[in-house]
Amino acid sequence: MSGHIHIVGGGLAGLSAAVELAGAGERVSVHEAGPACGGRARSYVDRHLGCRIDNGNHLLLSGNRAVNRYLGLIGAQQTLTGPTRPVFPFMDLGDGARWTLDLSRGKLPLWVLSRRRRVPGMRLGELRSLLRLMEADPDAVVSDCLQPGALSSRLLEPFAISVLNTMPDVGSAALLGAVVRESLAQGGRHCLPRFPREGLSESFVDPALAHLSVMKAQVHTGSRISAVEVGDGRVTMLRGTGQDVIAIGPDDAVIMAVPAPVASSLLADRVPGFNAPDAFEAIVNAHFALPYAPVATGGLAQARFIGLVGGISEWVFIKDHILSVTVSAANRYATYDPDALARHIWNEVRAALDPALTVPLPVQMPPMRIVREKRATFAATPAQDRMRPGTRTMLPNLMLAGDWTETGLPATIEGAIRSGAAAARAIRERHGA
Ligand SMILES: Cc1cc2nc3c(=O)[nH]c(=O)nc-3n(C[C@H](O)[C@H](O)[C@H](O)COP(=O)(O)OP(=O)(O)OC[C@H]3O[C@@H](n4cnc5c(N)ncnc54)[C@H](O)[C@@H]3O)c2cc1C
């Protein structure tokens, strides 16, 4: 057993590390600056809409193995939901075409042979794009690997924008290739769309906190770490705000699981060789509160979401009476007036959903909330990917975690949870466990 392990940051990376370490019998304290844990994957009550929403829609896949392990450890596997088949309904806002990508469950991609199940207008030769992505070198961008055609414009480019949160002409092909390798290439069984039945916090945060409490781990919210003291080649002290100090003894360790800009401000001039991504992309989520829960039909009823191409909106999720829309790689819309953006999105939502609802949506935009996360993720370009640090630092008692560390994946929940587990492993290895 190690000494006391202090985890700075109670997002999913920090919680993942805490769950792994507490489960191994280690003494753990989590220090979270905010009033609640969850970080960028959290739910909260929105007073204007009068209900609880997630800060952003989060889509996961059944093959996210670290997510599955984490949910298993905290007893929350049943809190995710989604269609029972790997189906992805889509609409092209440009020409009104609708289709449902219906993947085969096994590894053999039989779906590409059926015109009903594949992307309309795609040629089989375009599938070479997937191989090129999986074999891409670290300097390649997504556009280098895509063959022109319907598969690219109607699936791979939108997929790249959502997964990388970065435009295909600058986004890392290798990072997208890693996701293709772990999802599409493994077959539809690994691609079932998954999202929280209730909310992000109810799936990923509340069960983790309940589990940590049983394991006697301490979680301090409202506890911001403002400085890290280093001496004799190790972390010796964490300073809170005000007079609070936490002494770090020779056997103690620290996992820094804060976002990249915070880690840079705390560590850049303290830790030799420290590096971190420094360019970011926004995500915009628009939440519309209807006075009733819309009733969907057909593929939309099964999936509860639809992918859109050819407009600004990318994914529309139906959750009871809330319609939530995701717009990724949203730096390009930074100068848009939020009300005008919301009206534009509402018109796209009506065009996409009306034909699949029993009652059309109101023409008048309902009460809405636009959430613009300016630094939603690091910009997943080859140059930024090279700046991601590993788990271990030059200080033996300091580990790093977070979706921006070198996970081999873009900034996702899967990457964040993996990074926390990797930091926990590194600390246990340091103590010979
Ligand atoms: C709008 C949006 C949509 C997304 N959609 C998806 C999706 O569909 N699928 C997917 O897989 N991923 C998605 N992501 C990415 C996913 O949310 C993140 O990858 C993941 O939540 C990152 O977790 P983390 O623990 O690394 O970082 P964070 O969640 O940022 O956690 C860091 C924590 O550190 C705390 N902190 C900061 N400074 C201090 C300090 N000085 N002292 C103590 N604590 C501090 C913060 O308050 C925060 O709680 C989305 C992200 C956003 C913003």
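Ligands are counted one by one from 1 in listed order, and the atoms in each one are counted from 1 as well.
- Distances between N or O atoms of Asn285 and those of ligand 1 include no value under 3.5 Å.
- Taking a cut-off of under 4.0 Å to the non-hydrogen atoms of Ala416, the atoms of ligand 1 that pass are 22 (C), 23 (O), 26 (O).
- Under a 4.0 Å criterion applied to the non-hydrogen atoms of Leu59, ligand 1 contributes the atoms 7 (C), 8 (O), 9 (N).
- Looking at atom 34 (O) of ligand 1, its nearest protein heavy atom turns out to be Gly9 CA, 3.4 Å.
- Using modelled atom types, one finds no donor on one side chain facing an acceptor on the other under 3.5 Å when comparing Asn68 with Arg65.
- Proximity to Ala41 (heavy-atom distance under 4.0 Å) selects the following atoms of ligand 1: 21 (O).
- At the top of the distance list for atom 25 (O) of ligand 1, counting protein heavy atoms only, stands Ala13 N, 2.9 Å.
- If you check the side chains of Ser324 and His287, you find a donor sitting under 3.5 Å from an acceptor.
- Of the protein's heavy atoms, Ile413 N, 3.4 Å lies nearest to atom 12 (N) of ligand 1.
- Judged by the shortest distance from any of its heavy atoms, Val371 lies outside the 4.0 Å radius around the atoms of ligand 1.
- Side-chain rings of Phe378 and Trp404 stay apart, their centers remaining 6.0 Å or farther from each other.
- In terms of polar-atom proximity, Leu60 is not counted as a contact of ligand 1, lacking any N or O under 3.5 Å from an N or O of the ligand.
- Screening Asp403, Thr407, Asn275 for a side-chain hydrogen bond (donor to acceptor under 3.5 Å, both in side chains) involving Arg388 leaves a single residue, Thr407.
- Ranked by closest heavy atom to atom 5 (N) of ligand 1, the top entry among Thr326, Leu238, Ile7, Asn57 is Asn57.
- Shortest contact from atom 15 (C) of ligand 1 to any protein heavy atom: Ala411 O, 3.8 Å.
- Here's the thing with Ile225: one of its N/O atoms is less than 3.5 angstrom from an N/O atom of ligand 1.
- Protein heavy atom nearest atom 29 (O) of ligand 1, with residue, atom name and distance: Arg40 N, 2.8 Å.
- Here the CG-CG distance, from Leu146 to Leu176, works out to 8.0 Å after rounding to the nearest 0.5 Å.
- The stretch residues 227-249 participates, sequence neighbours left out, in these salt bridge (Lys or Arg N to Asp or Glu O under 4.0 Å) pairs: Glu229-Arg239.
- Checking only distances, Glu32 does come within under 3.5 Å of ligand 1, N or O to N or O.
- Side chains of Asn55 and Asn285: no donor on one and acceptor on the other come within 3.5 Å.
- With respect to atom 36 (N) of ligand 1, the closest heavy atom belonging to the protein is Val258 CG1, 3.9 Å.
- Side-chain contact, Thr326 with Asn57: a donor N or O sits under 3.5 Å from an acceptor N or O.
- Nearest protein heavy-atom neighbour of atom 16 (C) of ligand 1: His58 NE2, 3.6 Å.
- Near Gly402, the atoms of ligand 1 lying under 4.0 angstrom from a non-hydrogen atom of the residue are 26 (O).
- Checking Asn64 against Glu182 by side-chain atom types alone, no donor-acceptor pair falls below 3.5 Å.
- Going from atom CD1 of Ile322 over to atom CG of Asp320 covers 8.5 Å, rounded to the nearest 0.5 Å.
- Contacts of Val262 with ligand 1, taken as heavy-atom pairs under 4.0 Å, involve the side chain alone.
- In this structure, Ile312 and Val284 have side chains that are not in contact, with every pair of non-hydrogen atoms separated by 4.5 Å or more.
- Nearest protein heavy-atom contact of atom 44 (N) of ligand 1 is Ala33 N, 3.1 Å.
- Set against the non-hydrogen atoms of Ala376, the atoms of ligand 1 under 4.0 Å away are 53 (C).
- Considering backbone and side-chain atoms together, Asp403 places an N or O closer than 3.5 Å to an N or O of ligand 1.
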Stepwise side-chain hydrogen bond (donor to acceptor under 3.5 Å, both in side chains) check, Ser172 with Asp385: CA-CA 8 Å; Ser172 157; Asp385 191 34; 4.5 Å; no

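- Screening Arg343, His344, Arg350 against Asn347 for a side-chain hydrogen bond (donor to acceptor under 3.5 Å, both in side chains) leaves a single residue, Arg350.
- When non-hydrogen atoms are compared, ligand 1 lies under 4.0 Å from the backbone of Ser223 (N, CA, C, O) but not from its side chain.
- For ligand 1 and Val8, the ligand atoms under 4.0 Å from any heavy atom of the residue are 42 (N), 43 (C).
- Heavy-atom proximity to His31, at under 4.0 Å, picks out these atoms of ligand 1: 43 (C), 44 (N).
- Contacts with ligand 1 closer than 4.0 Å are made by no heavy atom of Ser226, backbone or side chain.
- Distance check, rounded to the nearest 0.5 Å: CG of Leu21 to CZ of Arg428 gives 7.5 Å.
- For ligand 1, the atoms closer than 4.0 angstrom to any heavy atom of Ile283 are 1 (C), 2 (C), 3 (C), 4 (C), 52 (C).
- Remark: Glu202 does not engage Arg197 in a salt bridge, criterion side-chain N to carboxylate O under 4.0 Å.
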